[in-house]
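Throughout, protein chains are lettered first and strands after them, A, B, ... in sequence-line order, and every chain is numbered starting at 1.
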Protein chains: 2
Amino acid sequence: MAGAETGTPRERYRAQVRDEIKRQAWEQIATAGASALSLNAIARRIGMSGPALYRYFAGRDELITELVRDAYRDLADTLRARAADGADLAGLAHALRGWALEDPQRYLLLYGTPVPGYEAPPDTVETASAIMTVLLDVAAAERPPTTTAASLDAHLAGHRSWAREHEAPPPVLSHALVFWTRLHGVLSLELAGHFTDMGFDPAELYTAEARALTGR
Amino acid sequence: MAGAETGTPRERYRAQVRDEIKRQAWEQIATAGASALSLNAIARRIGMSGPALYRYFAGRDELITELVRDAYRDLADTLRARAADGADLAGLAHALRGWALEDPQRYLLLYGTPVPGYEAPPDTVETASAIMTVLLDVAAAERPPTTTAASLDAHLAGHRSWAREHEAPPPVLSHALVFWTRLHGVLSLELAGHFTDMGFDPAELYTAEARALTGR
DNA sequence: GAAGGTCGGTGATAGCCTCTCACCAGACGT
DNA sequence: ACGTCTGGTGAGAGGCTATCACCGACCTTC
């Protein structure tokens, strides 16, 4: 959400207001969820009246798109930074959970139920796959676990377009994929509150899954 | 959605209209998602005007609650029926995916991002745990896999309130739990459309996970 | 069979939302 | 100093949830 310090005063002002709008939007999302995002409410809080926001964003969808973009970028950066620090998959798993718990609604905005009429623009899909690239990089650096599924590997060998030009062999592909889906399974149920009345600690389940994934 | 055939004509009529409302609601949810559910639109389609629906449901939330209740019951019944037919965990996994794909929005209504201000009433939580009971029953009948996580088992041994009075030993508890979260991980990402541009078949991933869970 | 209560439906209305429009003022570039 | 472009405004269309007063038709009870 870096408000560019460069450009004409007009441009600086514009960037500043856009950032303020996004700040308020995140605040509102964090408390009430993405589907409760109201441009009117944001405008009211900022101190301008309704339609003014349309000078900055074409509409609710464009604002949400922008937030999704920022969130993807932030998650990708977070994971990449950990990977650059030499983290293994277990480290990434820990970072992922930390990022999600830091702002649950932000995680759900990316990986939860899609907003009704909303269609993800191509460039957000691009950033989303950048996250997979980080996973693949780190997974490739580790010895894939022995518990690999032969038929899935065979399928992925022929359907690896999502891995872009990544050189990883099929077992690494499936390992990264399963890493993602298993951790998301625990995380999303936890964030959606499905564990709240069950009386156990989701963290225990999560770390157990992370450990099973990374072979202790 | 059984419209009770009993009672006074008034009661029969009332049940009939309630069912018609719910039918239209499901139709609308199936196409546009739960958050796009509009009482006005339902009324229009049924042929009555707006506020009439409030004679049948206290509001949008109560209607959604009713739908959630029905969906939980339907899923529980489906899984129970399979279990009664002697299905193992692999069979339940298959049934779960079939049920989810049959009406993706229905699955997401139960396990997706919670609707903003909506709080699940106690009795739906009850039905949700009935589903866990089915999983525990079937899991207990199978030899738990060797790949059990000791620390998770230890934790669950002391935090098993969610299993009600189920006698299953900790490895079965963790097995059922992991069964749920792993399959949900794949399913929810698939239904939310996160695999659509990735070029592989989610079914392959799902069955691989189901197989890994049930030890081939 | 008439009287009265209850139930299901209606239009009007308040208050929220998104988004468009015409208009205006002030800042900016020339 | 003047025109243009930008950012702000109020009004308003059309959608939503939800409440209200009202009314007609049915059902019960006498």
Is B:R14 close enough to C:dC7 that one of its side-chain N or O atoms is under 4.0 Å from OP1 or OP2 there?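 For B:R14, the contact criterion (side-chain N or O under 4.0 Å from OP1 or OP2 of C:dC7) is not met.
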Can you check the [X] [atom1] to [N] [atom2] distance for me, whole Å?
| X | N | atom1 | atom2 | value |
| --- | --- | --- | --- | --- |
| A:I21 | D:dG7 | CD1 | P | 11 Å |
| B:Q16 | C:dG8 | CD | P | 13 Å |
| A:E11 | D:dG7 | CD | P | 10 Å |
| A:L63 | C:dC17 | CG | C1' | 15 Å |
| A:E62 | C:dC19 | CD | P | 10 Å |
| A:R10 | C:dG29 | CZ | C1' | 10 Å |
| A:M48 | D:dT9 | CE | P | 7 Å |
| B:Y56 | C:dT10 | OH | P | 10 Å |

Looking only at side-chain N and O atoms, does B:S188 offer a donor or acceptor that is under 3.5 Å from a partner on A:H184?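 Yes - a donor-acceptor pair under 3.5 Å links their side chains.
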Answer yes if the side chains of A:W26 and A:D70 hold a donor-acceptor pair under 3.5 Å, and no otherwise.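 No, no side-chain donor-acceptor pair sits under 3.5 Å.
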Taking the six-membered ring of A:W99, is the NZ or CZ of A:R82 close enough (under 6.0 Å from the centre) and on axis enough (within 45°)?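 No.
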State whether A:F200 and B:R160 meet the cation-pi test: NZ (Lys) or CZ (Arg) under 6.0 Å from the six-membered ring centroid, and within 45° of the perpendicular axis.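 B:R160 over A:F200 ring: no.
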What nucleotide, of D:dG10, C:dG8, C:dA27, holds the atom closest to the side chain of A:S49?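 Selected nucleotide: D:dG10.
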Nucleic acid footprint by protein, nucleotides 13-23 of chain D - heavy-atom cut-off 4.0 Å, B for base, S for sugar-phosphate alone: ---SBBBBBB-
Separation between CG of A:D137 and CG of A:L92, rounded to the nearest 0.5 Å: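 With rounding to 0.5 Å, CG (A:D137) is 10.0 Å from CG (A:L92).
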With a 4.5 Å limit on heavy-atom distance, are the side chains of B:S161 and A:M198 in contact?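 Of all side-chain heavy-atom pairs linking A:M198 with B:S161, none is under 4.5 Å.
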